[in-house]
*Asks:* 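The structure that follows is given in the form of structure tokens.
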Amino acid sequence: MAFSQPTDDAQTPAVCQLCEESSDIRWKCINCDVFMCQLCTTKIHTKLKSTDKHELINLKDLGSENAAKTICKVDLQNMPCTVHNDQMCFAFCTDCDQPVCLDCLIESHEKHKFRKLNEVYDIAISEMKELQNKLETCLQFYGNEKERFEKLLLDGDKKFQEIKDQILLTEKEIKETVSKYAKELLQELESKWKPTENKITSELAGIQKNQEDLTSRETSLKKTLQSHQASEILSSRKKLDMTLPEISVESVNCDVLKTKFLSGNKFEKQNTRSTIFGDLYAVPDLELVRSYQSDFGNVLDILNCDNNTSFIACYIDRKLQKVKFEENNIKVEEDFSIQVRNMAISMIDEILLVTGESDIKVISVDKQFKQFKSFSPLKAISVHVSQNNEILVGLTECYPVTFPAPEDSVRRVVVLNQDSDLQHTYEYDKDNKKLFTEPRKIITLNDNIYIIDKINAQWEGRVIVIDYGGQLLWVYKGCDNNVNKNKFYPTDITSTSSNSILISDQQNHAIHVLNPAGDVIVCKDIKPLGIELPLSLSIDINGILWIGCNTFKVDKDGKAKIFAVKNG
Ligand SMILES: [Zn+2]
Ligand SMILES: [Zn+2]
Ligand SMILES: [Zn+2]
Ligand SMILES: [Zn+2]
């Protein structure tokens with residue numbers, strides 16, 4: 001008999017089918033297809049003929065997968081042949097991929113290969129199980145993906161609406177402000193003109209009346225004079241009106257003629273959408289790519305060259321290394337013993353080094369340091385090569401510098417052209433105040449010069465931005481998101497291909513991202529990435545941000561780490 005459908009509770013009879021008394025049915029014999037009570041399993045069922053191999057299933061397990069398997073196993077032994085209805089299948093033909101009975105075997109499966117029915121059954125079950133697992137994994141995956149995309153849709157739409165509202169609000173505010181200004185000005189203009197206009201109009205009316213009056217008197221006089229009768233002339237004389245209007249010179253002060261409108265400079269060339277209205281900026285999502293262990297106490301400067309090599313420098317350890325960053329380690333290609341503060345690549349791919357001494361040095365082919373340019377008696381403490389191949393140098397009268405800068409000190413940034421001739425010197429603002437204290441890092445972007453200026457021995461500082469004319473554009477002193485509120489410890493600065501400015505903030509363990517106008521796009525806490533005390537920054541040709549770090553003072557023999565961060 002075949003159990004093609006799983007037996008369910010509905011088919012359970014009211015009383016035991018063996019003793020026909022007990023209503024407490026506990027078991028079902030799959031082979032006999034009989035429900036029975038606990039007692040009958042031993043008292044009656046075991047005594048029936050060849051029941052020792054019968055499969056008994058507890059009723060409470062009847063719906064389970066194991067029960068189904070057991071039922072199938074029994075069913076397997078009683079499977080009628082689909083061709084020969086009176087025969088039971090007893091083997092599985094692997095050539096024909098079907099169960100066969102004895103008649104089948106004789107009739108049509110000669111020389112075929114066979115396997116045991118239960119073996120094939122087990123394989124089928126395990127194949128299905130495997131598929132089931134795969135389906136479940138697949139479903140799980142799509143479930144997660146669905147959730148992820150739904151969240152993305154929700155988040156994206158929310159952010160879209162938020163920014164859209166901000167843009168519309170800005171538009172409204174600017175429009176309202178502009179309309180208010182226009183209205184004010186029109187009123188002011190009217191107050192200049194309207195009273196004058198009225199005065200002139202009334203003057204004109206008076207003049208016209210006088211003119212008409214005089215003209216009519218003149219006409220009548222003319223008529224009299226044309227008379228041929230002397231008596232008329234004489235009689236007219238008596239009636240002659242000799243009065244004349246008093247001629248007064250009325251001066252009207254016409255202010256509007258002495259007025260001029262000058263449009264504000266908002267829409268001049270240097271003001272773009274971003275300064276007039278605002279702009280959309282990409283918020284970088286810093287993602288750790290790799291981390292490296294240097295053998296420096298700190299990485300004061302890091303410089304990526306195009307050919308996959310980099311230079312790293314530690315001033316206090318008197319170490320400079322030419323390295324390759326490999327998968328997991330730093331491969332040191334050359335080791336130099338020199339105190340380097342800052343490095344830059346010249347237009348002819350020379351490595352320029354400043355050491356706090358008077359000269360900029362270059363590494364010669366025979367790996368010696370030769371003088372590139374001397375600023376004696378001043379000390380060169382920072383160097384940068386611009387896109388136009390100008391060389392910018394930070395200069396001080398002494399190194400290490402003293403804080404605060406004494407009156408007679410020299411704290412200066414100079415620009416040299418490609419031939420190393422001095423082009424510009426920046427030291428004082430327009431009020432003749434010192435611009436810098438310790439100009440320790442310099443970059444250029446869009447014809448402006450960005451300088452990290454350290455202002456005290458506690459590493460506090462600011463970012464000073466000037467144009468090539470030396471005009472101070474803005475000063476950035478950190479933002480409120482910092483761990484150490486209102487304290488800013490800028491150590492290095494670099495710019496991305498999308499013109500964002502990145503500033504490492506050592507004691508706050510942060511990277512500040514600014515737009516070129518000095519507005520904060522984001523202040524990124526990098527501690528969660530495992531990056532602490534960022535000291536030097538560099539962006540390589542692949543756009544990867546390299547962060548060289550300091551070590552904590554308490555960690556005397558600590559070695560600084562270097563991190564490669566995707567700045568997407
Ligand atoms: Zn019974
Ligand atoms: Zn049985
Ligand atoms: Zn058959
Ligand atoms: Zn066959």
Side-chain angles (χ1 to χ4, degrees), residues 1-140:
M1 64 206 91
F3 303 93
S4 55
Q5 294 296 314
T7 315
D8 60 38
D9 293 345
Q11 288 170 293
T12 315
V15 290
C16 169
Q17 289 174 305
L18 294 183
C19 64
E20 294 186 328
E21 276 175 11
S22 172
S23 59
D24 185 17
I25 298 167
R26 295 284 180 88
W27 299 90
K28 179 179 183 179
C29 173
I30 301 304
N31 304 67
C32 308
D33 192 21
V34 158
F35 290 91
M36 66 196 90
C37 65
Q38 181 69 41
L39 206 60
C40 287
T41 56
T42 48
K43 283 232 158 166
I44 301 178
H45 183 257
T46 45
K47 288 171 187 151
L48 297 176
K49 198 180 164 194
S50 61
T51 54
D52 52 331
K53 281 187 181 148
H54 283 193
E55 295 282 357
L56 289 186
I57 293 180
N58 195 313
L59 277 201
K60 66 177 194 286
D61 298 329
L62 208 53
S64 74
E65 203 174 289
N66 270 338
K69 220 165 163 181
T70 311
I71 293 166
C72 272
K73 279 245 157 110
V74 175
D75 191 32
L76 211 55
Q77 297 154 19
N78 302 294
M79 196 164 53
C81 174
T82 49
V83 185
H84 312 93
N85 289 330
D86 54 337
Q87 296 282 335
M88 294 295 171
C89 293
F90 76 102
F92 192 88
C93 173
T94 53
D95 294 78
C96 305
D97 204 21
Q98 68 178 61
V100 289
C101 73
L102 199 57
D103 287 358
C104 292
L105 189 75
I106 296 163
E107 286 169 11
S108 55
H109 297 270
E110 211 180 329
K111 289 183 180 164
H112 285 185
K113 286 208 177 73
F114 300 95
R115 290 191 75 167
K116 284 184 181 173
L117 267 181
N118 62 344
E119 269 177 26
V120 179
Y121 172 80
D122 285 344
I123 290 170
I125 289 290
S126 76
E127 277 172 358
M128 285 174 194
K129 275 269 169 205
E130 201 179 316
L131 182 62
Q132 193 181 29
N133 286 340
K134 280 180 184 165
L135 290 178
E136 254 163 44
T137 311
C138 232
L139 270 172
Q140 180 78 43

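Indexing begins at 1, ligand by ligand and atom by atom, following the structure's order.
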*Asks:* Using salt bridge (Lys or Arg N to Asp or Glu O under 4.0 Å) as the criterion, list what pairs up with Asp122, not counting sequence neighbours.
*Replies:* Lys73
*Asks:* Check for me: within less than 2.8 Å of the Zn ion (ligand 2), which protein N/O/S atoms show up?
*Replies:* Cys29 SG, Cys32 SG, His45 NE2, His54 ND1
*Asks:* Test Ile44 against every option in Leu18, Val34, Thr51 by the side-chain contact (heavy atoms from CB on, under 4.5 Å) rule and name the one that passes.
*Replies:* Leu18
*Asks:* Tell me, do Lys43 and Met36 make a side-chain contact under 4.5 Å, heavy atoms counted?
*Replies:* no
*Asks:* Are side-chain heavy atoms of Ile123 and Arg115 found at a separation under 4.5 Å?
*Replies:* yes
*Asks:* Should Cys37 and Ile25 count as side-chain neighbours, where that means a heavy-atom distance under 4.5 Å?
*Replies:* no
*Asks:* Report yes if some heavy atom in the side chain of Trp27 is under 4.5 Å from a heavy atom in the side chain of Asn58; otherwise report no.
*Replies:* yes
*Asks:* May I ask you to determine how many protein N/O/S atoms are under 2.8 Å from the Zn ion (ligand 1)?
*Replies:* 4
*Asks:* Which class fits the ring pair His112 and Phe114: parallel under 30°, tilted 30 to 60°, perpendicular over 60°?
*Replies:* tilted
*Asks:* Can you find a heavy atom in the side chain of Lys28 that is under 4.5 Å from one in the side chain of Asp33?
*Replies:* yes
*Asks:* Mind checking whether Lys53 and Asn31 have side chains closer than 4.5 Å, heavy atoms only?
*Replies:* no
*Asks:* Using 4.0 Å as the upper bound for N to carboxylate O, is an ion pair formed by Glu65 and Lys69?
*Replies:* no
*Asks:* Side chains of Leu56 and His45: does their closest heavy-atom pair fall under 4.5 Å?
*Replies:* yes
*Asks:* Examine distances only and state if a side-chain atom of Asn78 and a backbone atom of Val74 form a donor-acceptor pair shorter than 3.5 Å.
*Replies:* yes
*Asks:* What are the protein N/O/S atoms, named by residue and atom, that sit under 2.8 Å from the Zn ion (ligand 3)?
*Replies:* Cys81 SG, His84 ND1, Cys101 SG, Cys104 SG
*Asks:* Side-chain contact test, heavy atoms from C-beta onward, threshold under 4.5 Å: evaluate it for Asp61 versus Asn66 and give yes or no.
*Replies:* no
